[in-house]
Amino acid sequence: MIQPRTLKGFRDHLPAQALARERVLDIARRVYRSYGFAPIDTPALEYLEVLTGKGSDETDKQLYRFTDHGGREVGMRFDLTVPFARFAAQHVNELGLPFKRYHMATVWRGENTQRGRYREFMQCDFDTIGTTSGVADLEMVLVVHDLLAAIGIERFSIRVNDRRVLAGVLERLGLADRATGVLRSLDKLAKAGAEAVAAELAGQGVAAEAVAALLEMARLAGPPAEVLAGLATLVGDSATGRAGVAGLEEIVAGAAAVGVPANRLVIDPSIARGLDYYTGIVLESFLDDLPSLGSICSGGRYDNLAGLYTKQPLPGVGASLGIDRLLAGLEELGQGTTVETPAELFLAYFEADRLPDYLRIAAALRRAGLAVEFFPEPKKLGQQLKLAAKRGFRGALIIGGEEFATGTAQLKNLATHASTTIDWHGDVGVLVDAVCSCRAGLDAV
RNA sequence: GUGGCUGUAGCUCAGUUGGUUAGAGCAUCGGUUUGUGGUACCGAGGGUCGCGGGUUCGAGUCCCGUCAGUCACCCCA
């Protein structure tokens with residue numbers, strides 16, 4: 001016997017999880033499309049050079065790579081941004097600019113696993129390329145907000161910052177050349193605490209005054225207006241820094257104009273993001289009830305997405321929803337789904353010799369747009385109902401010998417145990433109409 | 001990749017200083033009830049104690065390795 005098992009960091013998805021995942025995918029698709037983002041797809045496998053070109057050592061280490069049967073060095077995509085850069089460079093002339101796309105697909109990273117951190121997981125990206133307009137930046141924030149709200153998350157926050165603000169402050173402190181290390185340390189503030197970050201910065205040779213200034217910046221908190229005022233002071237007359245502050249002001253104003261609740265949008269100067277290709281706005285979002293899970297949706301603006309693959313400058317802005325991490329978080333918070341069936345109505349199989357009638361009824365209901373599961377065996381009714389309730393069906397249709405004889409049917413609400421009698425006089429069309437008109441009632445439960 | 005913690009039925013866990021055929025609750029299946037599921041009663045199935053090796057007369061219990069999960073570093077969705 002071969003032991004059935006899955007690889008570290010790779011998971012099976014049972015119906016309850018798969019249905020929850022597809023629900024979120026459907027919502028993401030709807031929200032992205034509502035802003036005009038168009039779907040694209042790219043191969044899971046790319047030439048290794050396409051994936052490693054821009055990669056830091058870290059991403060190179062995490063790449064699943066091998067030599068294919070034709071002797072080509074290939075790698076599995078570890079995000080959707082790099083393949084998109086290649087895609088954009090290859091197809092700009094057919095796409096036209098600006099171009100907005102969404103891409104929901106599986107990616108692979110050979111790193112160590114943790115809660116909400118897997119080796120195979122799905123990302124739901126959306127990006128706008130070919131424009132440097134602040135409108136696109138604002139739209140990214142709005143899409144993220146609409147997305148998380150539509151999924152039904154009650155408490156979440158979108159934390160926004162701008163790399164230019166960070167650059168401006170560093171410039172003033174004379175640390176511009178050490179940006180990467182300093183930002184990496186600041187990024188840990190929430191997790192490690194101020195003291196640890198201060199120590200780490202000092203260890204990098206940052207002067208005490210500069211450390212104090214950096215911490216003052218990173219710890220700015222409160223209403224966006226106050227944080228922005230604080231940042232404006234810290235940035236001084238640095239042109240880059242002022243541009244960053246102005247950009248954030250636009251975001252705050254735009255979000256307010258559209259009606260984004262103020263408590264969901266936070267200006268957080270400690271958000272830096274490790275990826276060094278971000279150049280403007282950066283964004284991370286968290287479940288307020290489970291911040292330790294990490295960011296569930298992150299993104300930002302980059303000056304030149306595809307510089308490695310084309311001479312044409314392609315600025316852009318976009319973000320990525322980590323659907324597997326999000327679902328792990330929702331499940332941990334008890335907000336997961338328990339429904340195990342995609343069908344709405346359960347049709348009990350009762351009278352063995354009435355099979356043709358059952359089939360006819362099921363077919364008619366399906367033609368009317370209802371998802372119907374017909375139980376395949378004429379087992380005891382109690383057993384059938386028990387299974388149907390466990391699976392999460394909203395309603396069960398019961399038609400036995402008595403009902404056939406009197407031209408009636410029982411429509412049972414499996415959540416409330418209440419059942420209503422339908423008179424259909426043997427006319428399937430009447431039955432279908434009656435069931436459909438009760439459907440709203442079932443949905444409401 | 002490095003280090004810490006964990007690993008007993010589908011799930012949550014018991015299992016005394018290593019000592020006879022490894023237990024409970026929930027879940028599952030069957031019955032009481034060959035037409036009505038959340039209660040009750042009766043019964044059943046299900047465990048190579050993650051896996052492999054070692055120490056021992058004897059290991060779920062100790063040691064080593066390995067796999068998996070988890071936490072930290074790192075990085076990130």
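Quick caveat: nothing in here was measured; it's all calculated off a predicted structure. Just so we're on the same page: letters track the sequence lines, and every chain starts at 1.
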Examine [N]: is either OP1 or OP2 under 4.0 Å from a nitrogen or oxygen in the side chain of [X]? Give yes or no.
X        : N     : answer
A:Gln62  : B:C74 : no
A:Lys379 : B:G30 : yes
A:Gln383 : B:G31 : yes

From C-beta outward on [X], which listed nucleotide comes closest to its side chain: [options]?
X        : options             : value
A:Lys8   : B:G31, B:G69, B:C76 : B:G69
A:Arg115 : B:U28, B:U36, B:C71 : B:C71
A:Glu111 : B:C75, B:U36, B:G69 : B:C75
A:Lys380 : B:A77, B:C29, B:U32 : B:U32
A:Thr113 : B:U70, B:A77, B:G37 : B:U70

Determine all donor-acceptor pairs shorter than 3.5 Å in which one atom belongs to a side chain in residues 351-358 of chain A; sequence neighbours excluded.
from: A:Glu351; atom 1: OE2; to: A:Gly401; atom 2: N; distance (Å): 3.3
from: A:Arg354; atom 1: NH1; to: A:Asp357; atom 2: OD2; distance (Å): 2.9
from: A:Asp357; atom 1: OD1; to: A:Arg360; atom 2: NH2; distance (Å): 2.7
from: A:Tyr358; atom 1: OH; to: A:Phe350; atom 2: N; distance (Å): 3.2
from: A:Tyr358; atom 1: OH; to: A:Glu351; atom 2: N; distance (Å): 3.0
from: A:Tyr358; atom 1: OH; to: A:Ile399; atom 2: O; distance (Å): 2.5

Taking the [atom1] atom of each, how far is [N] from [M], in whole Å?
N     : M     : atom1 : value
B:C41 : B:C49 : C1'   : 32 Å
B:G25 : B:U32 : C1'   : 23 Å
B:G1  : B:A27 : P     : 41 Å
B:U36 : B:G30 : P     : 16 Å
B:G60 : B:G52 : P     : 12 Å
B:U2  : B:U39 : P     : 50 Å
B:G4  : B:A44 : P     : 47 Å
B:G46 : B:A22 : C1'   : 14 Å

Atom pair distance, as rounded to whole Å: [atom1] in [X] and [atom2] in [N]:
X        : N     : atom1 : atom2 : result
A:Arg119 : B:C67 : CZ    : C1'   : 12 Å
A:Leu397 : B:G35 : CG    : C1'   : 14 Å
A:Ile399 : B:U36 : CD1   : P     : 17 Å
A:Asp125 : B:C76 : CG    : C1'   : 13 Å
A:Leu381 : B:G38 : CG    : P     : 12 Å
A:Lys390 : B:C11 : NZ    : P     : 14 Å
A:Glu200 : B:C75 : CD    : C1'   : 13 Å
A:Glu340 : B:U28 : CD    : P     : 11 Å

Spell out yes or no: do the side chain of [X] and the base of [N] have one donor N/O and one acceptor N/O closer than 3.5 Å?
X        : N     : result
A:Gln114 : B:A77 : no
A:Lys412 : B:U36 : yes
A:Arg109 : B:C75 : no

What's [X] touching, base or sugar-phosphate or nothing? Going by heavy atoms closer than 4.0 Å.
X        : result
A:Glu120 : nothing
A:Gly299 : nothing
A:Gly382 : sugar-phosphate
A:Ile296 : sugar-phosphate

Would you check if the distance from the ring center of A:Phe286 to the ring center of A:Phe156 is below 6.0 Å?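 No: the rings miss the under 6.0 Å criterion.
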Assert yes or no for the condition that the ring centre distance of A:Tyr32 to A:Tyr102 is strictly below 6.0 Å.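 Yes.
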Quick test of your reading: applying salt bridge (charged side-chain N to carboxylate O under 4.0 Å, His left out), list the pairs with at least one residue in residues 417-429 of chain A, sequence neighbours left out, ordered by first then second residue.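 Checked against salt bridge (charged side-chain N to carboxylate O under 4.0 Å, His left out) - neighbours excluded - no pair reaches residues 417-429 of chain A.
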Pairwise 5' ranking along RNA chain B for A:Gln123 and A:Leu7, keeping only the more 5' one: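 Here A:Leu7 is the residue nearer the 5' end.
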More 5' along RNA chain B: A:Phe121 or A:Asn112, using each one's nearest nucleotide?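 Comparing both residues, the 5'-ward one is A:Asn112.
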Pairing residues for A:Phe393 by the ring-ring contact (aromatic ring centres under 6.0 Å, His included) criterion, not counting sequence neighbours: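 A:Phe393 satisfies ring-ring contact (aromatic ring centres under 6.0 Å, His included) with A:Phe346 only.
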Listed partners of A:Phe87 passing ring-ring contact (aromatic ring centres under 6.0 Å, His included), at least two apart: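 For A:Phe87, the residues satisfying ring-ring contact (aromatic ring centres under 6.0 Å, His included) (neighbours in sequence not counted) are A:His91.
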What orientation do [X] and [Y] show, parallel under 30°, tilted 30 to 60°, or perpendicular over 60°?
X        : Y       : result
A:Phe126 : A:Phe37 : perpendicular
A:Phe10  : A:Tyr64 : perpendicular
A:Phe84  : A:Phe99 : tilted

Can you tell me which stems RNA chain B forms, taking runs of 3 or more consecutive Watson-Crick or G-U pairs with both distances under 3.5 Å?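 When the pairs of RNA chain B are grouped into runs of at least three, the stems are B:1-7 with B:67-73, B:10-13 with B:23-26, B:28-32 with B:40-44, B:50-54 with B:62-66.
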Output all residues satisfying side-chain contact (heavy atoms from CB on, under 4.5 Å) with A:Ala202, sequence neighbours left out; order by chain, then residue number.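 Once residues adjacent in sequence are excluded, A:Ala202 has no partner under the side-chain contact (heavy atoms from CB on, under 4.5 Å) criterion.
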